[in-house]
> 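So that we are looking at the same thing, I have put the structure below in structure tokens.
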Amino acid sequence: MSVTTETQNYLNYINGKWSESESSEQLKSTSPANPSELLGHVQASTKQDLEKAVEAAKAGQKKWKKQSGAERGNLLFKVADILEKNLDEVAETMTREMGKTLPEAKGETARGVAILRYYAGEGMRKDGDVIPSTDRSALMFSKRVPLGVVGVITPWNFPVAIPLWKMAPALIYGNAVILKPATEAAVTAAKVIECFDQAGLPEGVINFVTGKGSVIGQGLAEHKDVTAVTFTGSNATGNHIGQTVAARGGKYQLEMGGKNPLIVADDCDLDLAVDAAISGGLKSTGQKCTCSSRVIVQEGVYDQFKQKLLEKVSEINVGDGLEEQTWMGPCATKEQYETVQKYIEIGQKEGAELVYGGRLVQSDSKGYYIEPAVFDQVTSSMTIAQEEIFGPVLALMKVETIEEAIELANDVDFGLSASIFSKNINHILSFIDDIEAGLVRINSETAGVELQAPFGGMKASSSYSREQGEAAKEFFTTMKTVFLKG
Ligand SMILES: NC(=O)C1=CN([C@@H]2O[C@H](COP(=O)(O)OP(=O)(O)OC[C@H]3O[C@@H](n4cnc5c(N)ncnc54)[C@H](OP(=O)(O)O)[C@@H]3O)[C@@H](O)[C@H]2O)C=CC1
Ligand SMILES: CCCCCC(=O)O
């Protein structure tokens with residue numbers, strides 16, 4: 001594997017072979033830090049290319065499901081070793097392609113290695129239960145079985161971790177996979193697929209088809225032989241995919257946006273809360289579905305918290321993610337860059353006070369750089385308090401009581417992650433019970449998903465299924481109940 005910035009033509013991976021699209025057309029992937037830098041071209045695939053991938057996956061899955069979990073797991077261990085060996089190169093590709101700082105990209109790639117090893121081990125764990133029948137001469141047991149072909153549609157913000165936390169469980173439980181990555185992170189995804197190719201998975205078990213979401217993503221959602229589709233991305237796209245898959249009786253899982261609250265109680269360690277607001281809200285340029293975007297502070301410590309926050313935010317260095325001194329990279333795409341600017345304008349128009357940043361950071365490379373923005377005097381009815389911005393924008397909101405804080409925290413359509421900073425056990429227990437979020441974090445930032453624990457949201461953030469950890473089994477398998485008499 002060699003990461004170069006020369007113009008490379010990255011191919012699809014179908015039935016164990018790298019191949020060009022029938023369209024002979026490509027989509028280009030460029031660097032958000034330097035939009036004139038071409039990372040490479042990926043295939044602008046057609047429905048015909050996708051059809052080939054589905055046929056290959058169906059044939060491959062028939063053999064793959066007959067292998068033992070241990071045999072499948074041994075291959076995933078090999079993929080993990082190869083990815084680990086190529087970690088620096090994959091991480092550098094990620095930083096160049098979507099802007100995440102190199103330390104974050106290395107951390108994410110290492111997380112991908114750990115995900116592969118976690119699910120490789122799943123191949124040796126039980127896949128059912130013996131249940132006593134009322135007929136004493138019978139044996140009754142449940143047995144988990146694969147779904148068949150699984151479509152995987154992923155976004156650009158975690159171009160290694162998200163595809164792997166979907167593909168690894170799909171594969172270990174005996175499914176075949178077709179990955180359609182976000183175009184803006186497709187070169188990074190190709191580097192991950194290269195690791196599967198080098199590990200020698202059987203033909204057709206893993207397939208990689210790049211192309212427009214409206215063509216290839218849509219094609220996966222529509223295809224009757226794609227038993228299940230797992231998606232992470234925007235609500236608009238996710239809900240469209242869910243409706244499309246449901247209409248044909250398929251299985252789907254959607255992980256979508258968030259508007260995650262961080263509650264700061266007047267009894268907490270303010271410095272820790274400030275660090276969490278900055279790390280949880282602004283790392284990855286605010287482009288995590290688990291990022292904090294609303295900071296809800298009890299009035300007794302509001303001014304002190306704001307002052308500490310502004311002092312720390314003003315120290316943030318915005319720049320190229322490859323440079324060591326950079327803390328926050330560019331927005332991942334031109335569209336995202338423009339979206340963030342739009343929301344900053346809306347926030348000011350609606351009466352919120354921009355107390356720090358939000359200005360474009362000029363660079364010779366014309367990168368999509370923007371200062372972190374902090375708004376004060378934000379009320380819950382404002383657009384920037386309700387809609388996911390997916391950028392480095394923090395909205396400060398003031399409350400009197402913790403009860404009011406929790407009510408405000410729940411006053412959005414989303415319900416992904418939520419944090420409270422407090423030492424008061426009653427505040428903590430009320431928060432755990434009453435917050436509407438799939439991830440509930442105490443004295444810790446809203447971001448920071450651990451691979452061995454269930455991950456997913458409530459309300460508009462999710463289709464209510466859970467990913468990661470043992471929870472992934474629920475989506476990527478179905479169940480047989482066997483009744484056996486001699
Ligand atoms: N919850 C999360 O983790 C994430 C949330 N987001 C949200 O999504 C917004 C836009 O980011 P983006 O990556 O463009 O998210 P999208 O939802 O637009 O894209 C996510 C994936 O879906 C594909 N896709 C797009 N249109 C369709 C379709 N009609 N049918 C099937 N698949 C489709 C995309 O392909 P392609 O890219 O080729 O169009 C991509 O692979 C962000 O501003 C943020 O709000 C984004 C990323 C992650
Ligand atoms: C798609 C969301 C990824 C969340 C990663 C994290 O919070 O660690």
Side-chain angles (χ1 to χ4, degrees), residues 27-29 42-45 50 98 100 104 107-108 111-112 115 151-166 178-186 189 209-223 226 229-245 252 254-260 279-281 283-293 331-340 342-343 387-391 393 414 416-417 419 438-439 441 444-451 453 455-457 460-463 467-468:
L27 299 168
K28 66 179 181 180
S29 182
V42 296
Q43 303 305 299
S45 302
L50 181 63
M98 54 73 61
K100 186 174 292 189
E104 288 176 273
E108 180 184 338
R111 181 170 169 180
I115 288 167
V152 177
I153 304 173
T154 54
W156 42 254
N157 65 329
F158 282 87
V160 171
I162 293 180
L164 285 177
W165 84 43
K166 294 173 183 287
I178 301 172
L179 170 63
K180 190 328 257 184
T183 299
E184 291 89 350
V209 182
T210 57
K212 287 187 182 144
S214 55
V215 177
I216 304 305
Q218 181 70 16
L220 283 170
E222 289 169 348
H223 204 296
V226 177
V229 174
T230 175
F231 167 85
T232 296
S234 66
N235 282 65
T237 304
N239 290 327
H240 171 74
I241 290 171
Q243 287 161 21
T244 306
V245 178
Y252 65 89
L254 312 171
E255 282 310 323
M256 299 176 286
K259 195 66 189 179
N260 308 307
S279 176
K283 271 242 174 254
S284 289
T285 321
Q287 297 168 138
K288 299 177 187 174
C289 55
T290 49
C291 273
S292 311
S293 52
C331 295
T333 69
K334 188 169 186 290
E335 294 72 23
Q336 208 51 39
Y337 182 52
E338 290 165 352
T339 297
V340 174
K342 178 193 79 173
Y343 276 107
E387 295 182 14
E388 183 184 52
I389 299 171
F390 220 63
V393 180
F414 298 100
L416 184 54
S417 183
S419 292
L439 303 174
R441 299 169 64 85
S444 178
E445 66 179 67
T446 55
V449 174
E450 295 198 35
L451 65 94
F455 169 69
S461 291
S462 163
S463 56
E467 300 191 275
Q468 305 204 60

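Each ligand, and each atom within it, is numbered from 1 in the order the structure gives.
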> Under a 3.5 Å distance rule, please check whether T446 uses its side chain to pair with a backbone N or O of T290 as donor and acceptor.
yes
> Near G217, which atoms of ligand 1 are under 4.0 Å from a heavy atom of that residue?
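Selected atoms, number and element: 30 (N), 31 (C), 32 (N).
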> Please confirm whether T237 comes within less than 3.5 Å of ligand 1 when only nitrogen or oxygen atoms on both sides are compared.
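Right, the criterion is met.
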> Quick one: ligand 2 N/O to protein N/O pairs below 3.5 Å?
{"unit_1": "ligand 2", "atom_1": "7 (O)", "unit_2": "T290", "atom_2": "OG1", "d": "2.5"}
{"unit_1": "ligand 2", "atom_1": "7 (O)", "unit_2": "G448", "atom_2": "N", "d": "2.9"}
{"unit_1": "ligand 2", "atom_1": "8 (O)", "unit_2": "R111", "atom_2": "NH1", "d": "3.3"}
{"unit_1": "ligand 2", "atom_1": "8 (O)", "unit_2": "R111", "atom_2": "NH2", "d": "3.3"}
{"unit_1": "ligand 2", "atom_1": "8 (O)", "unit_2": "G448", "atom_2": "N", "d": "3.3"}
{"unit_1": "ligand 2", "atom_1": "8 (O)", "unit_2": "V449", "atom_2": "N", "d": "3.0"}

> Contact between P181 and ligand 1, counting heavy atoms under 4.0 Å?
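Heavy atoms of P181 do come under 4.0 Å of ligand 1.
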> Please state whether T339 comes within less than 4.0 angstrom of ligand 1, counting heavy atoms only.
no
> Counting each atom of ligand 1 from 1 as listed, which ones have a heavy atom of E184 under 4.0 Å away?
37 (O)
> Check if G211 has a non-hydrogen atom at a distance under 4.0 Å from any atom of ligand 1.
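G211: in contact with ligand 1 (<4.0 Å).
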> Taking both backbone and side-chain atoms of E388, is any N or O found less than 3.5 Å from an N or O belonging to ligand 1?
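Such a contact does occur with ligand 1.
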> Looking only at distance, does I389 have an N or O less than 3.5 Å from an N or O of ligand 1?
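No, no N or O pair falls under 3.5 Å.
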> For atom 19 (O) of ligand 1, is there a protein heavy atom at a distance under 4.0 Å?
no
> Check for me whether E335 has a heavy atom closer than 4.0 Å to any atom of ligand 1.
no
> Heavy-atom contacts with M256 under 4.0 Å: which atoms of ligand 1 show up? List them by number with element.
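The list of qualifying atoms is 1 (N), 2 (C).
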> Any idea which atoms of ligand 1 are less than 4.0 Å away from a heavy-atom of T183?
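This gives 36 (P), 37 (O), 38 (O) as the contact atoms.
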> Does the structure place the NZ or CZ of K180 under 6.0 Å from the centre of the six-membered ring of F231, at an angle of no more than 45° from the ring's axis?
no
> Is the closest side-chain donor-acceptor distance between E445 and S279 under 3.5 Å?
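S279 and E445 do have a side-chain donor-acceptor pair below 3.5 Å.
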> So which protein heavy atom does atom 36 (P) of ligand 1 come closest to, and at what separation?
K180 NZ, 3.4 Å
> The criterion is salt bridge (Lys or Arg N to Asp or Glu O under 4.0 Å); which residues satisfy it with E104, sequence neighbours excluded?
none
> Compare all side-chain heavy atoms of T232 with those of K166 and state whether any distance is below 4.5 angstrom.
yes
> List the closest protein heavy-atom neighbour of atom 43 (O) of ligand 1: residue, atom name, distance to the nearest 0.1 Å.
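Ranking protein heavy atoms by distance from atom 43 (O) of ligand 1, first comes Q336 OE1, 2.9 Å.
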> Answer yes or no: are there more than 12 heavy-atom neighbours, outside K342 itself, under 6.0 Å from its atom NZ?
yes
> Can you tell me if F231 contacts ligand 1 (heavy atom of the residue under 4.0 Å from the ligand)?
yes
> Which residue and atom name correspond to the protein heavy atom nearest atom 17 (O) of ligand 1, and how close is it?
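For atom 17 (O) of ligand 1, the nearest protein heavy atom comes out as S234 OG, 2.7 Å.
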